[in-house]
Amino acid sequence: MAPDFFHRPAETVARDLIGALLLVDGVGGRIVETEAYDINDPASHSFRGPTARNAPMFGPPGRAYVYRIYGLHWCFNIVCDAAQAGSAVLIRALAPTAGLGLMHARRNVSSIEQLCSGPGKLCQALAIGAEHNGAAVTAAPFAMSPAINPVVIAQGPRIGITAGAETPWRFAEAGSRFLSRPLREPE
DNA sequence: GTTCCGATGTACT
DNA sequence: GTACATCGGAACG
């Protein structure tokens, strides 16, 4: 992944990440679902300014922002454009392609569809945690590369938020069986 | 298939 | 004290 890839608005990066490969220590798959957040967005952790938790969102692009949600799950974001500090893309689902055995062992589920079909699930499957917070996703243990084949992208409202719920900043590979929830393209 | 609920770190009123 | 970018299991149909 070129370093400048993340030096763009979160909405653009979120769209372009659909179909990209994401591996951590060789385990992962193709990104099929993302959400964009930025500093003008009431749903974003950065909306109310810097805190100890969201500090990576105000740092350089291309770094990981990993945080704990509901006290027990992890969520993995990639920080975007520093010129608009406080923007990031939440990685919500993968189509698993590498390290299936390890992911099954970590997740304890039987079907491949359940391995990475949600932000907390994929962090468990890829063993993403606090130790990755602030790390560059362009360097080991991460490995990323852009989408190879064209992807039909669907867009809609984000999941699990109340503030800013109408902003259609959720992106997904249309028709994928690995989404956290189905996404129907409007009209 | 659906709804309900508990687990609990971090930020906020 | 309450809310929250979630998940999995129980109960139900």
Side-chain angles (χ1 to χ4, degrees), chain A residues 6 9-15 17-18 20 22 24 28-29 31-59 61 63-81 84-96 103-134 137 153-173 176-184:
Chain A
F6 300 107
E11 182 185 0
T12 308
V13 174
R15 175 183 288 273
L17 278 176
I18 302 299
L22 168 65
V24 178
I31 297 171
V32 295
E33 182 179 345
T34 62
E35 284 177 1
Y37 291 87
D38 78 16
I39 194 155
N40 301 122
D41 172 6
S44 174
H45 288 179
S46 60
F47 182 66
R48 295 168 195 272
T51 65
R53 179 177 65 161
N54 67 20
M57 288 190 80
F58 293 91
R63 303 289 187 91
Y65 166 43
V66 181
Y67 69 92
R68 226 195 245 283
I69 185 164
Y70 297 104
L72 64 164
H73 301 294
W74 297 97
C75 285
F76 170 61
N77 299 249
I78 303 176
V79 178
C80 296
D81 200 352
Q84 295 191 343
S87 68
V89 173
L90 171 69
I91 309 301
R92 286 194 56 91
L94 307 178
M103 287 194 275
H104 275 292
R106 289 165 175 166
R107 289 273 302 128
N108 195 31
V109 293
S110 52
S111 81
I112 189 172
E113 288 87 354
Q114 295 177 78
L115 284 178
C116 298
S117 56
K121 297 176 185 179
L122 75 87
C123 282
Q124 185 179 15
L126 273 59
I128 294 173
E131 67 273 23
H132 298 102
N133 193 33
V137 301
I153 294 174
Q155 180 173 1
R158 294 170 293 181
I159 292 180
I161 59 169
T162 50
E166 70 286 352
T167 305
W169 278 3
R170 179 182 180 221
F171 300 90
E173 178 180 326
S176 171
R177 28 193 279 262
F178 300 103
L179 304 184
S180 63
R181 287 174 45 183
L183 172 55
R184 185 185 300 280

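So you know, we letter chains A, B, ... as the sequences are listed, proteins then strands, and number each from 1. Being a predicted model, the structure only gives us computed values, none of them experimental.
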[N] [atom2] sits how many Å from [X] [atom1], rounded?
X: Y67(A); N: dT8(B); atom1: OH; atom2: P; value: 19 Å
X: M57(A); N: dA5(C); atom1: CE; atom2: P; value: 12 Å
X: W74(A); N: dT6(C); atom1: CH2; atom2: P; value: 16 Å
X: Y65(A); N: dT10(B); atom1: OH; atom2: P; value: 11 Å
X: F76(A); N: dA5(C); atom1: CZ; atom2: P; value: 19 Å
X: R181(A); N: dA5(C); atom1: CZ; atom2: P; value: 14 Å
X: Q124(A); N: dC7(C); atom1: CD; atom2: P; value: 10 Å
X: N54(A); N: dA5(C); atom1: CG; atom2: P; value: 13 Å

Run the side-chain hydrogen bond (donor to acceptor under 3.5 Å, both in side chains) test against [X] and tell me which residues pass, sequence neighbours left out.
X: T162(A); value: none
X: R15(A); value: Q155(A)
X: S180(A); value: E33(A), R92(A)

[atom1] atom, [N] versus [M]: distance in rounded Å?
N: dT10(B); M: dG8(C); atom1: C1'; result: 22 Å
N: dG9(B); M: dG9(C); atom1: C1'; result: 22 Å
N: dT2(B); M: dA5(C); atom1: C1'; result: 24 Å

pair [X]-[Y]: side-chain heavy atoms closer than 4.5 Å:
X: F178(A); Y: I112(A); result: yes
X: E35(A); Y: I161(A); result: no
X: C80(A); Y: V89(A); result: yes

Write down the atom of [X], the atom of [Y], and the distance for their closest heavy-atom approach.
X: S117(A); Y: Q114(A); value: OG-CA, 3.7 Å
X: I39(A); Y: S46(A); value: CA-OG, 3.5 Å
X: M103(A); Y: P96(A); value: CE-CB, 3.6 Å
X: F6(A); Y: V13(A); value: CD2-CG1, 3.8 Å
X: S44(A); Y: M57(A); value: OG-CE, 3.7 Å
X: C116(A); Y: L126(A); value: SG-CD1, 4.2 Å

Below 3.5 Å, can you tabulate the donor-acceptor pairs from side chains in residues 65-76 of chain A to any protein atom, sequence neighbours excluded?
| from | atom 1 | to | atom 2 | distance (Å) |
| --- | --- | --- | --- | --- |
| Y65(A) | OH | H45(A) | ND1 | 2.8 |

Exercise. Please work out which residues in residues 112-123 of chain A have a non-hydrogen atom less than 4.0 Å from an atom of DNA chain C and list them by number.
Key: G118(A), P119(A), G120(A), K121(A)
Exercise. Could you give me the stems involving DNA chain C, meaning stretches of three or more consecutive Watson-Crick or G-U wobble pairs whose two defining distances are both below 3.5 Å?
Key: B:1-7 with C:6-12, B:9-12 with C:1-4
Quiz item: Okay, side chain of R63(A), backbone of G134(A): is any donor-acceptor separation there less than 3.5 Å?
Solution: yes
Interface polar pairs with nucleotides 1-4 of chain C, N/O, under 3.5 angstrom:
| from | atom 1 | to | atom 2 | distance (Å) |
| --- | --- | --- | --- | --- |
| dC4(C) | OP1 | T162(A) | OG1 | 2.8 |

Exercise. Could you tell me which residues satisfy ring pair (Phe, Tyr, Trp, His ring centres under 6.0 Å) with H104(A), sequence neighbours excluded, listed by chain and number?
Key: none
Quiz item: Does any pair with a residue in residues 105-128 of chain A pass salt bridge (Lys or Arg N to Asp or Glu O under 4.0 Å), and if so which ones, sequence neighbours excluded?
Solution: E113(A)-R177(A)
Exercise. With sequence neighbours excluded, give me every salt bridge (Lys or Arg N to Asp or Glu O under 4.0 Å) pair touching residues 40-56 of chain A.
Key: D41(A)-R158(A)
All N/O contacts under 3.5 Å from nucleotides 11-13 of chain C to the protein, with atom names and distances to one decimal?
none

Quiz prompt | Positions of residues 41-52 of chain A (non-hydrogen atom under 4.0 Å from DNA chain B), listed by number | solution = R48(A), T51(A), A52(A)
Quiz prompt | Proximity to the side chain of R107(A) - top-ranked nucleotide from dA7(B), dA5(C), dC7(C) | solution = dC7(C)
